[in-house]
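On a predicted model such as this, the values are computed, not experimentally measured, just so you know.
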Amino acid sequence: MKKLEFIAFAGILLLFHGFCSSEQAPKYSFLHQATSAPPISYYDYIIIGGGTAGCPLAATLSHNATVLLLERGGSPYGNPNITDLSAFGRALSDLSHTSPSQRFISEDGVINARARVLGGGSCLNAGFYTRAGARYVDSAGWDGALTNESYRWVERVVAFEPPIKQWQRAVRNGLLEAGVNPYNGFTYDHLFGTKVGGTIFDGDGQRHTAADLLEYANPEGITVMLHASVHRILFRIKGKKKPFAHGVVFRDAAGNKHRAYLNHGPKNEIIVSAGALGSPQLLMLSGLGPKDHLKAHNITVVLDQPLVGQGMSDNPMNAIFVPSPSPVEVSLIQVVGITHFGSYIEAASGENFAGSPQQRDFGMFSPKIGQLSTVPPKQRTPEALSRAIDSLQALDPSVFRGGFILEKVMGPISTGHLELKTKNPNDNPVITFNYFKDPQDLQRCVDGLKVIETIIESKAFTKFRYDYLSIPILLNMTANAPVNLLPRHANVSTSLEQFCKDTVMTIWHYHGGCQVGKVVDSDYRVLGVDALRVIDGSTFKNSPGTNPQATVMMLGRYMGVKILKERLESLKTN
C-alpha cells in the first residue's frame with residue numbers, strides 16, 4: 001500500500017478512537033457476579049440490560065421498589081482495555097467472549113459493534129453529548145419539563161464542556177465560512193448552525209459512563225448482576241386475557257441457570273433495555289415476533305407480532321481524511337454543524353492517536369480481526385497477521401498526523417430488519433440496514449460531503465492541509481482505506497454518490513426493532529402483553545439529535561420517574 005493510502009487509512013482509524021476513565025471504581029455495594037445469584041429470586045422490577053438506558057432507569061426505580069438489573073457483560077471499572085486511554089483500540093479488536101465490545105457485520109457489509117459491559121455504549125463511544133431537538137421531543141410525546149429535568153439529572157454526573165483547541169477551532173470556523181450559521185457557542189441544545197457540544201470526558205480526560213449514574217441508586221433497593229445472560233422472558237397465559245410477563249431465565253458465567261420472578265403487585269414489571277439489537281432479539285427468543293420466523297427456530301409462539309425486528313436503521317456516516325502538515329491535538333467529536341438539509345457535520349483529530357509503536361492496536365481495523373486482509377479467511381494465518389501488524393507499526397508517526405471530517409445522515413429514512421440466527425442470546429442476530437435505499441438519504445450524504453469539501457478549502461483550514469492534495473486526491477485516498485467489506489470503484493472522486501456508497505460506515509447510532517406505535521405504545525408497554533416494557537433506542541424511529549446517548553440516558557431517567565409516579569398513585573388508590 002502506498003504511503004498516501006496509509007495516511008488515509010490512519011485518518012479513518014481516528015473515527016474510532018475514544019477513551020474510558022482511569023478513575024477508581026465506585027464502591028457499589030450492590031454489584032455482584034451472577035454466579036452468586038440464588039436459583040430463584042423475587043423483585044418488583046426486573047430490568048434486562050445495564051446499558052445507557054438501563055442504568056439510569058434502575059437507579060431511579062430503586063428509590064421506591066426492589067430492582068434487579070441484569071447485565072450480560074462485566075464492570076467497566078478496572079478493565080485496562082476500557083479505562084486506559086492508550087489501550088482504547090484493544091477493546092474493539094478484542095474478539096474474546098469477555099470483550100466489552102462485541103463485533104458484528106451487517107448484511108450490508110458494514111463493520112459495527114455492540115456493547116457488552118455495564119454502562120453500555122457509553123463505555124465505548126466517542127463521548128459526544130448533545131440533546132434531542134425540541135421538535136423531536138414533541139413528536140415523541142414527551143413532557144417538556146420532565147424531559148429537561150431528566151437531561152439535567154444526567155448532566156450533573158456525566159456531561160462536561162470540552163476544551164476547543166486549534167484543529168477543532170479550524171473546523172468550527174470552516175463550518176461558518178461554509179455557511180452553516182449561526183454560531184451558537186457551547187450548548188447541549190440541538191440548534192441549526194454550528195455549535196460546540198458536550199462530552200462525557202471530564203477535564204482530566206476521564207470518561208463518565210451511564211454506569212456512573214448508578215451513584216444515584218438506593219443501595220438497599222437495587223441488585224446488579226454482572227455476566228448475567230437472559231435467555232428468555234417467562235409468561236403466564238392460562239387464565240389471562242393477555243400473556244403476562246412474570247419472570248426471566250438467565251445464566252451466569254459458569255452456565256448455571258437462575259430464575260427471577262416478579263413480586264405480586266399490580267405495577268410490577270419486566271423492562272427490556274438490551275439495546276437496538278438485544279431487545280428485539282430477546283422478544284423473539286421469548287416467543288414475541290413473526291410466528292413463521294419463530295416456528296422456523298422451534299420457538300413457542302406467545303404472540304404473533306410481525307413488527308418485532310422491523311424498522312431497523314443505522315445512520316450512514318462518511319468521512320474524508322485530511323493529512324496535516326502541522327501537528328494537531330487529539331480530539332474527539334466536539335464541534336458539530338447542524339444543517340437544514342439533513343446532514344450533521346462533525347470532526348476529530350489526533351497526532352499519534354494510535355499510540356506508541358509498541359502499543360498501536362488500530363481498533364476495529366486491526367489486522368488481528370482480519371479487516372485489513374483481502375485474502376480469504378483460511379489464509380489469514382497467524383504469520384500473515386503478524387506481518388501485517390509489523391508493517392503498520394513500522395510506519396513513520398507522521399503518517400498518523402491529521403484528522404477527519406465526517407457527515408452523518410439525519411434520520412435516516414432507509415430501514416431494514418433484524419432476524420434470529422440462532423437461539424443463543426449471546427450470538428449476534430442477522431441485521432440488514434439498507435443504507436441509502438431511500439434516495440433522499442443518498443442526497444443528504446452528497447450535500448454533506450460538499451460542505452466538508454468547502455471546509456477543507458476554507459481560509460480557516462489552510463494550515464491543516466497540504467496544497468498538493470486536492471479534493472479528488474483526498475476522496476480517492478479515503479476510499480482506499482478498508483473501512484467496510486464492500487467492493488470498491490475506481491476514481492470515486494468523479495461521483496460523490498458512488499463515494500457515499502463505497503465508503504459508508506457506521507457511527508454506532510443504530511436503532512429500531514421495537515418501535516413506538518408498532519411494538520410498544522407511547523408509554524413503552526409491549527402491545528398485546530401485560531407487565532412488559534421496552535425502554536431503549538430500539539423504540540426510536542429516528543436517531544435523536546446529532547448523537548443519541550444523551551437522549552437514551554435521559555429516557556431511562558424520564559421513564560423511571562413516570563413509572564414510579566404510576567406506582568405511587570396505584571398504592572394510594574389501593
Side-chain angles (χ1 to χ4, degrees), residues 15-16 18 49 51-57 112-115 119-140 142 147-148 150-151 153-155 158-159 187-191 195 197-200 207-210 213 273-280 311-317 332-334 336 338 342-346 406-415 431 433 441 505-516 520 524 534-559:
L15 172 63
F16 302 97
T52 319
C55 286
L57 176 63
N112 214 316
R114 58 191 293 209
S122 65
C123 293
L124 302 172
N125 64 24
F128 197 58
Y129 184 97
T130 181
R131 297 182 177 188
R135 189 174 300 175
Y136 189 100
V137 172
D138 289 342
S139 67
W142 296 332
T147 297
N148 288 333
S150 297
Y151 274 124
W153 181 88
V154 171
E155 289 154 9
V158 305
T187 179
Y188 296 140
D189 292 334
H190 185 85
L191 305 170
K195 74 164 190 173
T199 177
I200 60 173
R207 180 188 289 265
H208 294 260
T209 76
L213 296 173
S273 298
L277 271 60
S279 290
M312 297 296 300
S313 293
D314 186 27
N315 299 82
M317 187 276 288
L332 299 176
I333 310 301
Q334 297 178 345
V336 61
I338 301 174
S343 182
Y344 304 133
I345 315 298
E346 302 174 353
L406 69 88
E407 66 80 32
K408 166 197 167 184
V409 172
M410 183 180 75
I413 300 170
S414 305
T415 63
I431 310 102
F433 291 120
D441 288 338
M505 292 178 280
T506 184
I507 195 167
W508 299 308
H509 296 168
Y510 47 86
H511 52 278
C514 298
Q515 291 176 328
V516 172
V520 300
Y524 304 92
V534 178
I535 300 174
D536 59 24
S538 71
T539 64
F540 295 161
K541 296 178 182 177
N542 297 291
S543 185
T546 63
N547 299 66
Q549 75 164 338
T551 302
V552 178
M553 286 190 274
M554 180 281 295
L555 182 62
R557 169 63 177 180
Y558 177 98
M559 286 307 301

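- Checking side-chain atoms of E346 against main-chain N and O of E407 turns up no donor-acceptor pair under 3.5 Å.
- Relative ring orientation between Y129 and Y188 is described as perpendicular, the plane-to-plane angle rising above 60° on a 0-90° scale split at 30° and 60°.
- The closest donor-acceptor contact from the side chain of T539 to the backbone of D536 lies under 3.5 Å.
- Although no hydrogens or angles enter the test, the distance criterion places a donor-acceptor pair under 3.5 Å between the side chain of R207 and the main chain of S122.
- Proximity of V520 to Q515: side-chain heavy atoms (C-beta onward) are nowhere separated by under 4.5 Å.
- For S313 (side chain) and S414 (main-chain N/O), a donor-acceptor pair under 3.5 Å exists by modelled atom type.
- Atom-to-atom distance recorded for N125:CG and I200:CD1 is 4.5 Å, nearest 0.5 angstrom.
- A donor-acceptor distance shorter than 3.5 angstrom exists from the side chain of K195 to the backbone of T187, with no hydrogens or angles considered.
- Side chain of Q549 to backbone of F128: a donor-acceptor contact under 3.5 angstrom is found.
- A distance of 4.5 Å separates CE in M554 from OG1 in T147, rounded to the nearest 0.5 Å.
- To the nearest 0.5 angstrom, Y151 atom OH is 9.5 Å from D189 atom CG.
- Between the D441 side chain and the I413 main chain, a donor and an acceptor come within less than 3.5 Å of each other.
- Taken to the nearest 0.5 Å, the CG atom of L277 stands 4.0 Å off from the CD1 atom of I431.
- In terms of modelled atom types and a separation under 3.5 Å, the side chain of N315 and the main chain of Y510 share no donor-acceptor contact.
- Remark: aromatic rings of H190 and Y344 are close, center separation under 6.0 Å.
- Contact of the P412 side chain with the H511 side chain is registered, since non-hydrogen atoms from C-beta on lie closer than 4.5 Å.
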